[in-house]
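Input: a single structure, listed below in structure tokens.
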Amino acid sequence: MDKLPKQYEPAEVEKKWGAKWIESGAFAAADRSGKPPYTIVIPPPNVTGALHIGHALNITLQDILIRYKRMDGFNALWMPCTDHAFIATQIVVERRLMEEKIDRRELGREKFVERVWEWKAESGGTIVNQLKSLGASCDWDRERFTMDEGLSRAVREVFVSLYEEGLIYKGEYMINWCPRCHTALSDLEVEHHERDGHMWHIRYPLADGDKELIIATTRPETMLGDTAVAVHPDDGRYKSFIGKSVVLPIANRKIPVIADEYVDMEFGSGALKITPAHDPNDFIIGERHGLERIKVIADDGTMSLKAGERYAGEDRFEARKDIVKKLEADGLLVRVEGHMSAVGSCYRCHTIVEPNVSMQWFVKIAPLAEPAIKAVEEGRVRFIPGHWENLYYEWMRNIRDWCVSRQIWWGHRIPAWTCGGCGEIMVLREDPAECSKCGGSELEQETDVLDTWFSSALWPFSTLGWPEKTEALKTFYPTSVLVTSFDIIFFWVARMIMMGLKFMDDVPFHEVYIHGLIRDQDGQKMSKSKGNVLDPLDLIDGVDLDTLLEKRVSGLMQDHLKPRIEAATRKQYPDGIPAYGADALRFTFASLATTGRDIRFDLGRIEGYKNFCNKLWNASRYVLMNTENPDDGDTQFSTADRWILARLNRTIESVHQHFATYRLDLAAQATHEFTWHEFCDWYLELSKPVLQSEQSSDAEKRGTRKTLIEVLETLLRLLHPLIPFVTEEIWRELAPRAMIDAETIMLQPFPQPLEAWQDSEAESEMNWVMQFILGIRQIRGEMDISPRKPLPVLLQNASDNDRDLAVRHEELLAKVGRTESVRLLSADQEPPPSATALLGEMRVLVPLEGIIDIEAERARLTKKQIGLRTDLGKSRGKLDKPDFVNNAPAEVVTKEKERARELEGQISKLREQIEKLENLD
RNA sequence: GGGCGAUUAGCUCAGGGGUAGAGCGCCACGUUGACAUCGUGGAGGUCGGCGGUUCGAAACCACCAUCGCCCACCA
């Protein structure tokens, strides 16, 4: 076989098949067998750069499922897409512009957006290449981008319909404002982190008289915007204050003391400053009491003119310091204490967000949430694992209106126009030429864009052509399963369910398979700023240390982290990362995709699975070498032949089951176990005596050759979804020997269990052979006998069945177990001193003379005996208890009794054997 | 303040009311015509703690501890 090198080299094979598959059109959805459609829509990766290893996991799991279903005959569609990821992408491009010393504002909106499109082309290309390297069998001809024409039309259609229905409204409300990104954020886009802060206690003197209220605050700078102080109406301490005024320090404004039940009497002094323009609660209280909203912090995070000349233009955190100083100087600061509080920050740039009152667009969400909750309750959408449903319910039942407008440039522009003449606001499907009310032509389009998740929410149907009633939409909606990680259940999954139900009148998918998040070896979440990200391509192709270092420290927001990241990287990958190949990476992902939440990525495992690919490769070389000249004469199948088919059959059954329950880890485990430990370790070894022996007939040889081909060919198909490249490469060589003429394994049927392969008789017979050989090996291994030395073996107390099997499998025992001879002892024959293995009631004896250290054998048997005694003790302990015998199921009791009896038998046989050895001294 | 998850061999993780598992690592032996990216054998765990249910718990229940995560307007 000069064609197949001794070692599997993934690089070339993967490159070759990656290209061929795409050319062949095998990835395209097609009704090939009349089975129903099976659809997965990809969670669209952001066009912010390259995919990290978490994406690679997500992609791999989907590809495994889609390849499985495609082979299984379904009309399998995997929709590829990328997401414009508004803020994230805008930040990336802004940063690149900064490197060129260009400010986005100087460039202007139009030019800036052009630059983003350029970036999108580059980044989108990188991503698609990464996907292809992983073997992702997306239907590439259908590839979409959230901002392409069709999807943008869908966005607009949805926006306008919701507006017409009154489910979208514009208004001035409290929102989260990112002073760096200069945009509103939805509640979800704000991350809360506990931070060390302070609580300042400040005197607010009453306007009349010498009394005062003590106010506690964590944000003194907002006091400049206070328009009231609130106390609880039932608070005896302050009843007399209600309706009076206090003088707001520094600002020297009079503000009223109001009563509101929101105030917690127990907390602090029981008096609360009210800043309706900069605190969500105060905003609500302010609405209740008709309070003025004074916006003292401007959109860029500096103090506004309304904060007074002294502070205007000063950064909000600087102003905080200055205000505290001033209060202290004026004797108005009572005390300061340390205080931990959860501070919100922008999920993209981590700037601390400012609660701000602002004119924004909102989606009225409750009417959409209700049916979405019901869909999950009724099981029309099922989460896997199921406990994620709790999280979904929790959020959906407390959901608040969704702020969807963003003050940035990159994204779907809101289709609303304001007439300069009459002020009419129009929300339209088509760009208007004139005002619908006054006919004026001075129309100004809304500058805001939509939350990126607005378009993602439509993804399952917008990508299939909606609002057109396309054939694709009819065929593939609702999709089958959504594969994603838990962190976007709210952002994306919930919103897709809501929008799908609203606009398609059906759920967008039936199942949501939630997989874990990949963490690094220390359990840390992978992130660019931690410098612990891994590029899937670096695992596939390998990377040297210098390149890896360069990748990890370039484009870092915080330079001071560089040395630490460098040191950690050098320590963990002193020689860079070797090339493992895509199959090894995929198999690793599959085997790590357990039900838990986190996945610690462990290089040890990927190395093991690279070896697995090599093992399969070499097993295949063996099969190919031994099946070169097939002929179609008579065949006779050995027990081993029947056994391996029976084992294969069981493996196929379990793989189907594991795929159905999304336990790809178990599917990987089952195939790994079969391939390595049954097919390679046993069957290939058992096939050698047959193929190499002069004694075996041509029919027997044909039987074994045929089985080798049949098992391997089936196994390749079974493994293909997990490790597509290496299986395809081998399969192409092997297929002609299996009389299969086809271009690709990808479209071959996925193996099905066959009744004809079931064979429990062969399984128990082979079990005997294997136990026999294992016994001999154990003696060999523990007695330090060379594996090459053939051993004479004597059988004592053999049953008829034992005799039968020993004769029938003499050849296997000789070649695989390396026995020199196997002789039966009759009942009255006294065996020579021997090393012993037990096989049921039979003793397998290896005469010691000249071979074995008697003392060592005695020690070995004694040790074994102690182990068995411990087990027997436990077993008897159970059987001696009447409670057990009376209450446990009869079946269990019987089994336990049998077990005890067997242990007793084995112990006594060992004892006799030990005694014999002792008598030799 | 609510909620979720995890805790099993040195490491990474499966499992699951009746005999404690895998891979890697470790020790010993071994270049037999698929594979040294390998083979054979071996060592290694009172399954986080304390109770409860049960004939029987590592598994089920309650509580606790540790770690991780999500949600949350107590200033």
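We name chains A, B, ... by the order of the sequence lines, and we start the count at 1 in each one. Everything quoted here is computed from the prediction, not taken from an experiment.
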Between A:T704 and A:K701 (side chain of the first, backbone of the second, donor and acceptor by atom type, cut-off under 3.5 Å), is there such a pair? no

Determine whether a donor-acceptor pair (N or O, by modelled atom type, separation under 3.5 Å) exists between the side chain of A:S875 and the backbone of A:D871. no

Rounded distance in Å - [atom1] ([X]) to [atom2] ([N]):
X: A:F612; N: B:C24; atom1: CZ; atom2: P; value: 12 Å
X: A:M199; N: B:C74; atom1: CE; atom2: P; value: 12 Å
X: A:E782; N: B:A43; atom1: CD; atom2: C1'; value: 11 Å
X: A:I514; N: B:G5; atom1: CD1; atom2: P; value: 14 Å
X: A:E678; N: B:G39; atom1: CD; atom2: P; value: 15 Å
X: A:N611; N: B:G25; atom1: CG; atom2: C1'; value: 14 Å

Any side-chain N or O of [X] less than 4.0 Å from the OP1 or OP2 oxygen of [N]?
X: A:K6; N: B:C35; answer: yes
X: A:W676; N: B:G39; answer: yes
X: A:R400; N: B:C73; answer: yes
X: A:K610; N: B:G23; answer: no

Side chain of A:K688 - closest among B:A34, B:A75, B:C69: B:A34

Closest of B:G42, B:U40, B:A14 to the A:Q778 side chain is B:G42

Paired with [N] by Watson-Crick or G-U wobble geometry, both distances under 3.5 Å: which nucleotide is it?
N: B:G10; result: B:C24
N: B:G16; result: none
N: B:G1; result: B:C71

How far does the C1' atom of B:U40 sit from the matching atom of B:C64, given to the nearest Å? 47 Å

Please measure how far the C1' atom in B:A59 lies from the corresponding atom in B:G16, and state the result in whole Å. 5 Å

pair A:V334-A:W200: side-chain heavy atoms closer than 4.5 Å: no

A:D226 and A:Y204: side-chain donor and acceptor closer than 3.5 Å? yes

Contacts of A:E685 and A:R780 projected onto RNA chain B by closest heavy atom; the upstream (5') one is A:E685

Measure up the A:H672 and A:Y609 rings against each other and bin them: parallel (under 30°), tilted (30 to 60°), perpendicular (over 60°). perpendicular

